[in-house]
Amino acid sequence: QVQLVESGGGSVQAGGSLRLSCAASGSFLSSRRMAWFRQAPGKEREGVAAIGTDGTTTYADSVKGRFTISKDNPKNTLYLQINSLKPEDTAVYYCAAGGYYSLGLGPTISKTDFAYWGQGTQLTVSS
């Protein structure tokens with residue numbers, strides 16, 4: 001079965017930077033859309049960044065200019081570079097993958113477009 005394992009979370013001071021990683025099983029990223037979601041305590045899980053098979057990206061308005069999603073297909077690794085961290089970025093961050101040949105991106109980053117999920121990694125931003 002598909003396995004996604006996030007890493008790179010931790011405690012960071014506001015204004016700092018961090019890179020999250022998601023290691024996927026097998027030859028995986030080249031044929032699926034990928035995304036990062038986050039969920040803060042008491043909040044719904046929300047999509048923050050997504051990337052299609054052709055490298056096209058989309059971001060939630062709240063993170064544009066600060067977050068960058070990228071992938072390394074040969075290494076089957078997805079990344080989320082986060083700059084200018086804010087306390088409101090504090091959440092558990094989840095890696096998500098679409099089904100096989102889920103090539104494109106929709107107008108929004110919706111949970112319904114992603115079939116597989118990692119366990120999450122905690123990011124805490126202090127002010």
Side-chain angles (χ1 to χ4, degrees):
Q1 189 58 48
V2 173
Q3 296 181 32
L4 302 171
V5 181
E6 302 95 336
S7 62
S11 297
V12 185
Q13 189 175 25
S17 298
L18 194 73
R19 188 177 75 165
L20 305 181
S21 298
C22 171
S25 59
S27 298
F28 196 80
L29 273 62
S30 63
S31 58
R32 306 168 188 266
R33 65 172 71 94
M34 302 293 296
W36 288 96
F37 288 74
R38 67 185 182 187
Q39 187 166 22
K43 303 291 185 179
E44 65 178 310
R45 190 171 299 187
E46 62 174 348
V48 296
I51 186 166
T53 57
D54 64 352
T56 301
T57 59
T58 188
Y59 298 92
D61 288 341
S62 61
V63 307
K64 286 181 179 177
R66 299 190 300 118
F67 287 26
T68 303
I69 187 171
S70 62
K71 61 179 181 176
D72 186 332
N73 287 342
K75 294 183 178 179
N76 269 334
T77 303
L78 180 75
Y79 302 100
L80 184 67
Q81 177 68 42
I82 309 175
N83 298 324
S84 302
L85 280 161
K86 302 177 179 180
E88 51 262 45
D89 294 324
T90 295
V92 176
Y93 283 74
Y94 297 90
C95 175
Y100 188 65
Y101 266 37
S102 55
L103 307 180
L105 298 178
T108 60
I109 308 170
S110 172
K111 294 189 295 292
T112 62
D113 292 328
F114 298 89
Y116 306 99
W117 300 84
Q119 294 297 308
T121 185
Q122 176 72 48
L123 171 61
T124 302
V125 183
S126 60
S127 60

Check: With hydrophobic residues grouped by side-chain heavy-atom distances under 4.5 Å, do Leu29 and Ile51 end up in a single group?
Finding: yes

Item checked: Hphob cluster co-occupancy, Val63 + Trp36, side-chain heavy atoms under 4.5 angstrom -> yes

Check: Between Thr53 and Tyr101, does a side-chain contact (heavy atoms from CB on, under 4.5 Å) hold up when you go through it step by step?
Finding: CA-CA 9 Å; Thr53 57; Tyr101 266 37; over 6 Å; no

Check: Between Trp117 and Tyr94, how do the two ring planes meet: parallel, tilted or perpendicular, split at 30° and 60°?
Finding: perpendicular

Checklist line | The single option from Thr90, Ile82, Thr124, Leu18 passing side chain to side chain contact (heavy atoms under 4.5 Å, CB included) against Val12 | finding: Leu18

Notebook entry, point to check: Hey, quick one: are Phe114 and Leu4 part of the same hydrophobic cluster, counting side-chain heavy atoms closer than 4.5 Å, chains of contacts allowed?
Noted result: no

Notebook entry, point to check: Do the side chains of Leu78 and Val48 join up, straight or via other hydrophobic residues, at under 4.5 Å, putting them in one cluster?
Noted result: yes

Note to self: Quick check for you: to the nearest 0.5 Å, what is the distance between Arg38 atom CZ and Arg45 atom CZ?
What the structure shows: 13.5 Å

Notebook entry, point to check: Would you say Arg19's side chain and Gln81's backbone share a donor-acceptor pair under 3.5 angstrom?
Noted result: no

Note to self: Under a 3.5 Å distance rule, please check whether Arg33 uses its side chain to pair with a backbone N or O of Asp113 as donor and acceptor.
What the structure shows: yes

Notebook entry, point to check: Closest approach of Cys95 and Met34, non-hydrogen atoms and distance?
Noted result: SG-CE, 3.9 Å

Note to self: Could you check whether any side-chain N or O of Thr121 sits under 3.5 Å from a backbone N or O of Glu6, counting only pairs where one atom can act as donor and the other as acceptor?
What the structure shows: no

Notebook entry, point to check: Which heavy atom in Leu80 sits nearest to a heavy atom in Ala49, and how many Å separate them?
Noted result: CD1-CB, 4.0 Å

Item checked: Residue pair Pro87 / Ala14: nearest heavy atoms and the distance that separates them -> CD-CB, 4.1 Å

Checklist line | Closest contact, heavy atoms only, Ile109 versus Ala35 | finding: CG2-CB, 4.1 Å

Item checked: Value rounded to 0.5 Å, distance of SG in Cys22 from CZ in Phe28 -> 8.5 Å

Check: Looking at OG of Ser84 and CG of Asp89, how far apart are the two atoms once the value is rounded to the nearest 0.5 Å?
Finding: 9.5 Å

Check: Any donor-acceptor pair under 3.5 Å linking the side chain of Arg32 with the backbone of Gly98?
Finding: yes

Next item on the list: Determine whether more than 12 heavy atoms belonging to other residues, nucleotides or ligands lie under 6.0 Å from atom CD of Gln119.
Entry: no

Margin query: Do Thr112 and Ser110 pair up side chain to side chain, a donor and an acceptor below 3.5 Å, judged on atom types alone?
Written below: yes

Item checked: Rounded distance (nearest 0.5 Å) linking atom OG of Ser7 with atom OH of Tyr93 -> 15.0 Å

Checklist line | CG-CZ distance between Leu20 and Phe67, expressed to the nearest 0.5 angstrom | finding: 8.0 Å

Next item on the list: Walk me through it: do Asp61 and Lys64 pass the test salt bridge (charged side-chain N to carboxylate O under 4.0 Å, His left out)?
Entry: CA-CA 5 Å; Asp61 288 341; Lys64 286 181 179 177; 3.1 Å; yes

Margin query: Let me confirm one number: the OH-OG1 distance from Tyr79 to Thr68, rounded to the nearest 0.5 Å.
Written below: 14.0 Å

Next item on the list: Please name the pair of heavy atoms, one in Lys71 and one in Gly52, separated by the smallest distance, quoted to 0.1 Å.
Entry: NZ-O, 3.2 Å

